[in-house]
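We use all heavy atoms of the structure for the numbers below, so side chains are in, but hydrogens, waters and symmetry mates are not.
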Amino acid sequence: EVQLVESGGGLVQAGGSLRLSCAASGFTFDDYDIGWFRQAPGKEREGVACINSIDGSTHYADSVKGRFTISSDNAKSTGYLQMNSLKPEDTAVYYCATVNAHFTGLSWDWPLRYDYWGQGTQVTVSS
């Protein structure tokens, strides 16, 4: 059974940092891309970042470039999202998702591209 479990969310002041983790099980982690999405109340789910497991290439939403860093540890089957210089507008539920790395049919930031999703972790940034 495929499982993705996010952790590391919480309440932080503007300018602070958080590190989200996405623990994966039930599939060969090395063969899958990891994507991070977020959804704020009343808004659509948006892509935040993605890392390709084949070549390690990364993609970021313009709103987080230079502040967030995506990474993965194949030995631990875990993906990470390091979030620095957090802003109140970063407040959302953050989800990790995965898709086979050889699938190139949709853009990295389309939720429909991904096969499996975690349950989400809340990130709240106070001003």
Side-chain angles (χ1 to χ4, degrees):
E1 180 188 4
V2 173
Q3 279 195 320
L4 298 173
V5 179
E6 301 97 335
S7 61
L11 174 64
V12 64
Q13 288 189 332
S17 298
L18 284 174
R19 187 196 195 201
L20 305 184
S21 298
C22 174
S25 61
F27 62 97
T28 305
F29 188 79
D30 304 23
D31 293 337
Y32 282 73
D33 292 351
I34 294 293
W36 285 96
F37 286 75
R38 65 186 181 187
Q39 189 165 18
K43 295 188 176 182
E44 293 187 352
R45 191 167 297 192
E46 64 169 341
V48 175
C50 175
I51 184 166
N52 181 273
S53 66
I54 296 175
D55 60 13
S57 60
T58 56
H59 304 274
Y60 294 93
D62 288 343
S63 58
V64 307
K65 280 181 182 176
R67 300 188 299 122
F68 291 11
T69 303
I70 189 172
S71 62
S72 63
D73 185 334
N74 289 344
K76 296 182 178 180
S77 294
T78 301
Y80 303 98
L81 186 68
Q82 178 66 44
M83 305 186 296
N84 299 329
S85 302
L86 282 161
K87 305 175 181 179
E89 51 263 45
D90 294 318
T91 296
V93 177
Y94 283 71
Y95 301 88
C96 66
T98 188
V99 62
N100 190 290
H102 296 282
F103 178 73
T104 58
L106 296 172
S107 175
W108 71 269
D109 56 347
W110 279 48
L112 288 175
R113 178 175 188 262
Y114 296 83
D115 298 318
Y116 303 103
W117 292 81
Q119 82 290 348
T121 185
Q122 176 70 46
V123 171
T124 303
V125 184
S126 63
S127 56

| Does the side chain of Asn52 come within less than 4.5 Å of His59's, by heavy atoms? | no
Please step through side chain to side chain contact (heavy atoms under 4.5 Å, CB included) for the pair Arg45 and Val93, ending with a clear verdict. CA-CA 9 Å; Arg45 191 167 297 192; Val93 177; over 6 Å; no
Salt bridge (charged side-chain N to carboxylate O under 4.0 Å, His left out) filter on Lys43, not counting sequence neighbours, yields none
OH (Tyr94) and CD (Glu6) are apart, to the nearest 0.5 Å, by 12.5 Å
Correct closest heavy-atom pair for Thr28 and Tyr32 would be O-CD1, 3.3 Å
Shortest non-hydrogen pair, Trp117 vs Pro111, comes out as CZ2-O, 3.4 Å
>> Tell me whether Thr91 contacts the main-chain N or O of Val125 through its side chain, where contact means a donor paired with an acceptor under 3.5 Å.
In response: yes
Closest non-hydrogen atoms of Phe103 and Leu106, given as atom of the first, atom of the second and distance, are CE2-N, 3.8 Å
Practice item. Find out whether Trp108 and Tyr114 are in side-chain contact, i.e. whether some heavy atom of one side chain is under 4.5 Å from a heavy atom of the other. Key: yes
query: Hey, does Glu89 have a side-chain heavy atom less than 4.5 Å from the side chain of Ser63?
result: no
d(Cys96 SG, Gln119 CD) to nearest 0.5 Å is 7.5 Å
Note: with side-chain heavy atoms under 4.5 Å as the link, the other cluster members for Val5 come out as none
Here the pair of heavy atoms bringing Gly47 nearest to Ala61 is O-CB, 3.4 Å
Next item on the list: Would you mind reporting whether Val123 and Leu20 have side-chain heavy atoms less than 4.5 Å apart?
Entry: yes
Is there a path of hydrophobic side-chain contacts, each under 4.5 Å between heavy atoms of I/L/V/M/F/W/Y residues, joining Phe27 to Trp36?
yes
To the nearest 0.5 Å, atom CG of Asp31 lies from atom NE2 of His102 at 6.0 Å
Hits for side-chain hydrogen bond (donor to acceptor under 3.5 Å, both in side chains) against Ser57, two or more places apart or cross-chain, chain-then-number order -> Asp55
Of Leu4, Thr98, Thr121, the one forming a side chain to side chain contact (heavy atoms under 4.5 Å, CB included) with Cys22 is Leu4
When rounded to the nearest 0.5 Å, the distance separating OG of Ser127 from CD of Gln13 is 9.5 Å
Across all chains, not counting sequence neighbours, the side-chain hydrogen bond (donor to acceptor under 3.5 Å, both in side chains) partners of Arg67 are Asp90
dist Ile34:CD1 -> Ile51:CD1 (nearest 0.5 Å) comes out at 9.0 Å
For Glu46, the side-chain hydrogen bond (donor to acceptor under 3.5 Å, both in side chains) test, sequence neighbours excluded, returns Arg38
Side-chain donor-acceptor distances from residues 68-84 under 3.5 Å, at least two apart:
from  : atom 1 : to    : atom 2 : distance (Å)
Asp73 : OD1    : Ala75 : N      : 3.0
Asp73 : OD1    : Lys76 : N      : 3.3
Thr78 : OG1    : Lys76 : O      : 2.8
Gln82 : NE2    : Asn84 : OD1    : 2.9
Asn84 : OD1    : Ser17 : OG     : 2.9

Heavy-atom closest pair (Leu18 atom, Leu86 atom, distance to 0.1 Å) is N-CD1, 3.8 Å
Minimal heavy-atom distance between Gln122 and Ala92, with the atoms involved, is NE2-O, 3.4 Å
Is Tyr116 linked to Val99 within one hydrophobic cluster, defined over Ile, Leu, Val, Met, Phe, Trp and Tyr using a side-chain heavy-atom separation of less than 4.5 Å? no
